[in-house]
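Below is one structure; the comments refer to it alone.
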Amino acid sequence: MELVEETPYRFRIDRHGDMRVPGVVFASHRLLPSAGDGALEQVVNVATLRGIVGASYAMPDMHWGYGFPIGGVAATDVARGGVVSPGGVGFDISCGVRLLAADLDRADFRRFGERIMDGLGRATPRGPGRGAVWQLPRAGLEHVLLEGSRYAVARGRGTQRDLERCEDGGALDNADPGQVSARAAARGLGQVGSLGSGNHFLEVQAVDEIYDRDVAETFGLHPDQVCVMIHCGSRGLGHQICTDHVRAMDATMADHSLTVPDRQLACAPVDSRAGRAYLGAMAAAANYARANRQVLGVAASDVLREITGHGLELVYDISHNMAKIEQHEVAGRQLTLCVHRKGATRALPPGHPDLPPSLRNAGQPVLIPGSMGTASYVLTGIPGGEAFFSTCHGAGRTQSRHQAVKSVDARALRRDLERGGILVRGSSARGLAEEAPTAYKDVDEVVAVAEGAGLCRRVARLVPLGVVKG
DNA sequence: ATGTGC
């Protein structure tokens, strides 16, 4: 794989073979995937998709994924037969991050720490399988799929202000529950308000450093403040929807004369029956994921209020696994694009019309969870941001889960975290080992490279005080 | 990521 170093933080893969556009990898030498890991080959494969414009992009946290790399961004021109691919969204549709801020500082947390973590541990269903904050009646699921966080708020779980601090006001309006299989719905019914497993977590954090005081203040953040970060997605429902629609699309590829270099890139034109079906189901899963984070956030706020007298205010909620229909200027032309962000976060700049009035001058908060025991970041979009206003989404794995389990002793890891002053409420020893920070890139470096590449700007750095592990 | 594998 030939990489052309354009700047210290930007590498290009020139068009060759069936590529319709070049590949662009935002990374430092250190963060580039090791040769043979397959992620760069996936960037090339994505560049062959029908209708792709600009480039096949990869963020500094990129690594190998299903079809598309995780950390991949690709946009297709809807009017020119551009495709949508479930592999460009990922199995955990609308997996994302919610950050809430408390009117408490680090010293307050030290006073109540064990009680707060016990309370959050009890209030936060986690691990594979069932258990959820919100026991929905069957009829309620349809509302969640159509209305997302708005339905949770309408049922008393949150406030109108919360919705202003959610991407899309808490719900996508093009959800089509008719495209959600009975099996997907059955899996989703009992999981609204649950973390799941893998890299999902709820963390209590402290604001350790502020890079932009004005923007931080607009976001509701100040030094030493206690925050709660929640990272989770659409659970079994999103997974089943992805499985169902990959299968359906795979069967319709020939009808649209589509060929792809990897079967995991199964796709359909956005403007086709299969494409619309997937996007309607994907939006339903996205609404489910937003409601999931909404009710988990409210449950965490209730715990904090009960113990300390102070609840939590929402900073923002943003997804990093989505395909969205957006308007962008490409080579001087205004185009309607299907922007896939898979393990990549939208980063709208100050002044963008999609931002709510309270964030219009600051830009969109970008929430970057670090690996366990390491820092997390709040960033914001910048004018002229490349890759359709996108940036990284986290630290990015360097080791597979299997490799991590082989090389990490879960008990030693827990001891190290607690010695570092981080209170741990786990789910399973294996889950803890899989998520060891040694299995991840350095989030500080990932974020520095994303900023150096001109994708976003740092606003605040948060450090963990306690983790409820999925 | 996922009732972790058809």
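Residue numbers begin at 1 in each chain, while the letters A, B, ... track the order of the sequences.
A:Ser149 and A:Arg290 form no side-chain donor-acceptor contact under 3.5 Å, judged by distance and modelled atom types alone.
In this entry the distance linking CG of A:Asn292 with C1' of B:dT2 reads 14 Å, nearest Å. Taking atom CD1 of A:Ile70 as the reference point, atom P of B:dT2 lies 13 Å away to the nearest angstrom. In this structure, the CG atom of A:Asp92 is 6 Å from the P atom of B:dT2, given to the nearest Å. Between the NE2 atom of A:His200 and the C1' atom of B:dT2 there is a distance of 10 Å, rounded to whole Å. Distance, A:Gln264 CD to B:dT2 C1': 15 Å, rounded to whole Å. Atom OH of A:Tyr66 is separated from atom P of B:dG5 by 12 Å (rounded to the nearest Å). Computed from coordinates, the A:Glu435 CD to B:dT2 P distance equals 11 Å when rounded to whole Å. Taking atom CZ of A:Phe91 as the reference point, atom C1' of B:dT4 lies 11 Å away to the nearest angstrom.
When each of A:Arg401 and A:Pro128 is assigned the nucleotide of DNA chain B bearing its nearest heavy atom, the one mapping closer to the 5' terminus is A:Arg401. The 5' end of DNA chain B is approached more closely, in terms of each residue's nearest nucleotide, by A:Arg397 than by the other of A:Glu434 and A:Arg397.
Base contact: A:Arg183 has a heavy atom under 4.0 Å from a base atom. Note on A:Gly198: only backbone sugar-phosphate atoms sit closer than 4.0 angstrom, heavy atoms only; bases stay farther off.
For A:Glu147, the side chain to side chain contact (heavy atoms under 4.5 Å, CB included) criterion is met by A:His143, A:Arg150, A:Tyr151, not counting sequence neighbours. Contacts of A:Ala347 classified as side chain to side chain contact (heavy atoms under 4.5 Å, CB included), with partners at least two apart in sequence or in another chain: A:Val366, A:Thr391.
For B:dT2, the OP1/OP2 oxygens have a side-chain nitrogen or oxygen of A:Arg235 closer than 4.0 Å. For A:Ser197 and B:dT2, the shortest distance from a side-chain N or O to OP1 or OP2 is below 4.0 Å.
Aromatic ring pairs are classed by plane angle as parallel below 30°, tilted from 30° to 60° and perpendicular above 60°; the pair A:Tyr57 and A:Phe26 is parallel.
Checked against the 6.0 Å centroid criterion, the rings of A:Tyr316 and A:Phe219 do not qualify as a close aromatic pair.
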